[in-house]
Structures are given as C-alpha cells and as structure tokens.
Amino acid sequence: MASPEDIERLRQLKESEPLQDAWDHWTSTLKVLEDIKLLLDDPDPAMKALASEEAAELDQKLSTILNHTFPSLLVPPSTTANLSALVELKSGVGGTESSLFLETLLRMYTRFSQSHSWKANVVVSNENEGGGIKDAIIEIKGSNSYDTLRWESGVHRVQRVPATESGGRVHTSTVAVIVLPLIEEQDAQKEALYSMDDIKLEVMRARGAGGQHVNKTESAVRLTHIPTGITVSMQDERSQHQNKRRAFQVLSARLMDRKITREIAERRARKNSLIKSADRSEKIRTYNYAQERVTDHRIGLSIMNLSSVIEGNALQDFTDALKQDFEETTMEDMLESESE
C-alpha cells in the first residue's frame, strides 16, 4: 500500500504535467519553426511561399502558448479541482414557461455531464402542475465537475413564444441556478463546516402535491443550521436514513459554498480588486429562441447556435471562455498585488 508521502508525491507530479506538456509543446514548435526558417531563402518560389505560410502559423502557435498557455499555468492550482457538483435549479419569473425552461436546462446539464463521462443523478425533482419542473437538484459526480460548472450560477433568462401563446408574443422567463461544491461526509467533518450541536433535526411524513401525506412513516427530514438559518428538506428517498444522508449532503454543499464565497470576497477585499461580481441574483445568460442565439452577459460572448447549447455540446464554449476569463483576471490581480 502506498504511503501518504508517495500519494502526495504522485499528486504533485500529476499537477506538474500540464506545465511539462506546455513546455514540450513550446520547444518542439520552436524547433520546427527554426527548421522552416531555413527554407525562407529557398530559390524555388513555391517552396519559399509554402515555408512563409507555415512559419506564420507556427509564430501564431508560439504567441498563443506565450500569452495564454503559460500565464494560465501560473495561476495557483484550484483547491476545489477534486470536488463534484450539486446543481440547484429554481423556476423564477414566467410561471409554467419558467418550469418548462427549467426542464430544458436540467436536460442540458445532464447531457453535458454525459459528454464528460461524469455521473449525473437527479436527486430532487418537483413537477409543476401546469407542466415542466418547479425545482430540481442534480448531483454531478466527476473530477473537475464543480470547477467547470461553477460559472453557471446565476439567473438564466429565456425569450421565446410559448406553445400556449396564440398571439405569437415573445415571453421572458427566468430560472435561477446555483452550483454548489459536493463534498462527502468525512470531508465535511474535516472542513469543520458544522457542529451537530448547531443542527436542528426534524422528521415528518412525506407530502405530495396539494399537501397530502404520501406515506404512513416519518421518512421526510428537515435540517436547520441554526447559526446561518440554512434549511434543507428532503423527502424524495424511500427511507428516513436515506433522506437524512441526502439532506446532510445538501447542507454540507451549501455551507462549503458559503465558505468558498467568503474566502473569495476576503481576497478581493484585501487586494482592492475590481473583479466582476459573482452575485447570483444577476442575469448571466439569455437564450433567445427567435434569433437562435445564446449570450453570456459577463464576458459578452454570443453563440448563434442555441440548439447546440441546450443539447449540451456548445455549452463547453461558454465554460472554457469563462474559465479563461477567470484565469486572466486572477493573473492581473496577482500582478497588481506584486506591484503594490
């Protein structure tokens, strides 16, 4: 069995791989460029033109490595890279249309997870009587899933003509998305996120639509974290034990999220940074069906292929761009701190 020192050494080697790969890419590209430059004086015009074209492409590759790849690797490694994600979705403005859009987003995140070989599991789903889903929680397990999806937190707005709209008017509806870091029970204890003395535990009979009891046993669980007032209710599992475990999982995720958010806010305050707001009440993205356009308002990126985004494919373009924006902002912040 590997010792803790061996495990730590392997982890460090794994973390250094991207830097080694980038350096190898830089040196090999530079070597090819040096070889190509020897052909720029070739007496054959066709060979000279071909070498000039290839040299320009290699120059562009080196510029990208120098200006983007290397700086991104200088950003301190994420402390949450190993965490899975818990994604909460809540319908907002728009009634039934909002619930229908929530169902679309839930499918989008499920398919996006599948494309990354992450395991997606809907743990809570409350249907809306008029159609769609009123609120849901999806558990997404897999390496780097939280760090990839964390930028999805905020208000998602849809502009489209509902199927029930006879006049053809465009309606605007919203869904609030909150992405939380998913941690296991032993990790929650290690992080000292809560003390059992601060937890109020209540059990009750599960209720269905309209408030009627759906079983005769007290299987539903409600937790209240007294210091913060955070409340988690869970009744979707079959037994009280399962609901209790799931409720503590959600509570831990929310408390871990508060901790991460607080630490980021403290770093920003210390550095007097002008980093973009991470306010979850702000509108972050608009899905315009008539124009087949999806726009992320934080970075000004529009993708004219709405179908690909909601199918989970082009969502990668947004997550990549948001990650790059975060890394560039972090680098600027670090440089500003060094110059003070």
Side-chain angles (χ1 to χ4, degrees), residues 15 18 21-22 64 68-69 71-89 101-102 104-122 136-158 174-182 253 256-257 260-261 264 275-280 282-288 292-333:
E15 288 179 353
D21 290 344
T64 300
H68 297 288
T69 307
S72 71
L73 293 171
L74 294 176
V75 175
S78 171
T79 58
T80 54
N82 64 325
L83 296 183
S84 296
L86 203 64
V87 183
E88 294 190 25
L89 302 96
F101 181 51
L102 188 151
T104 299
L105 291 181
L106 190 62
R107 185 173 64 250
M108 177 181 76
Y109 290 131
T110 300
R111 291 181 176 176
F112 183 72
S113 301
Q114 291 169 347
S115 70
H116 285 74
S117 299
W118 297 332
K119 185 179 179 181
N121 178 35
V122 178
I137 299 177
I138 179 171
E139 176 188 78
I140 300 175
K141 287 193 171 184
S143 178
N144 212 39
S145 57
Y146 171 70
D147 275 5
T148 301
L149 291 167
R150 62 189 299 184
W151 317 114
E152 292 299 298
S153 289
V155 175
H156 295 240
R157 180 177 70 170
V158 61
T174 62
V175 170
V177 176
I178 300 176
V179 181
L180 304 169
L182 180 63
M256 186 66 177
D257 178 67
I260 293 171
T261 303
I264 291 173
I275 297 175
K276 298 177 182 66
S277 169
D279 184 1
R280 285 169 182 161
E282 72 173 333
K283 174 189 66 184
I284 64 165
R285 194 175 296 153
T286 295
Y287 304 72
N288 188 301
E292 186 69 11
R293 170 180 56 82
V294 183
T295 299
D296 195 288
H297 304 288
R298 294 164 294 183
I299 53 177
L301 174 63
S302 289
I303 294 178
M304 306 304 292
N305 192 345
L306 181 145
S307 300
S308 182
V309 174
I310 62 176
E311 288 300 316
N313 300 319
L315 181 60
Q316 186 70 50
D317 295 338
F318 283 119
T319 58
D320 287 346
L322 287 161
K323 182 185 179 208
Q324 181 179 333
D325 180 70
F326 170 74
E327 289 174 347
E328 290 174 354
T329 305
T330 302
M331 275 299 299
E332 291 171 5
D333 214 32

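Any value given below was found using the heavy atoms of this structure, including those in side chains, with hydrogens, waters and symmetry copies removed. For the single chain, residues carry numbers from 1 onward in sequence order.
At least one side-chain heavy atom of Thr148 sits under 4.5 Å from a side-chain heavy atom of Phe112. Side-chain contact between Asn288 and Leu306 is absent, with no heavy atoms from C-beta onward closer than 4.5 Å. Residues Lys119 and Glu139 have side chains not in contact (no heavy-atom distance under 4.5 Å, counting atoms from C-beta outward). At least one side-chain heavy atom of Leu149 sits under 4.5 Å from a side-chain heavy atom of Trp118.
Between Ile138 atom CD1 and Leu105 atom CG the span is 11.0 Å, to the nearest 0.5 Å. To the nearest 0.5 Å, the span separating CG on Leu322 from CZ on Arg285 amounts to 6.5 Å. To the nearest 0.5 Å, the span separating CG on Asp320 from CG on Leu301 amounts to 10.5 Å. The distance from the NE2 atom of His156 to the OG1 atom of Thr286 is 10.5 Å, given to the nearest 0.5 Å. Atoms CG and OG, from Leu180 and Ser84 in turn, are 12.5 Å apart once rounded to the nearest 0.5 Å. Between the CG atom in Leu102 and the CE atom in Met108 there is a gap of 10.5 Å [rounded to 0.5 Å].
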Item to complete: Show your reasoning for whether side chain to side chain contact (heavy atoms under 4.5 Å, CB included) applies to Arg298 and Asp325.
Response: CA-CA 10 Å; Arg298 294 164 294 183; Asp325 180 70; over 6 Å; no
Item to complete: Could you walk me through whether Tyr146 and Ile260 pass side chain to side chain contact (heavy atoms under 4.5 Å, CB included), step by step?
Response: CA-CA 12 Å; Tyr146 171 70; Ile260 293 171; 4.1 Å; yes
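When only modelled atom types and interatomic distance are considered, Gln316 and His116 share a side-chain donor-acceptor pair under 3.5 Å.
Not a single donor-acceptor pair under 3.5 Å links the side chain of Ser145 to the backbone N or O of Lys141. No side-chain donor-acceptor contact under 3.5 Å links Glu88 to the backbone of Ile137. Side chain of Glu292 to main chain of Ser307: a donor-acceptor pair is present (N/O by atom type, distance under 3.5 Å, no hydrogens or angles).
Taking the six-membered ring for Trp and thresholds of 30 and 60 degrees, Trp151 and Phe326 have ring planes inclined between 30 and 60 degrees apart.
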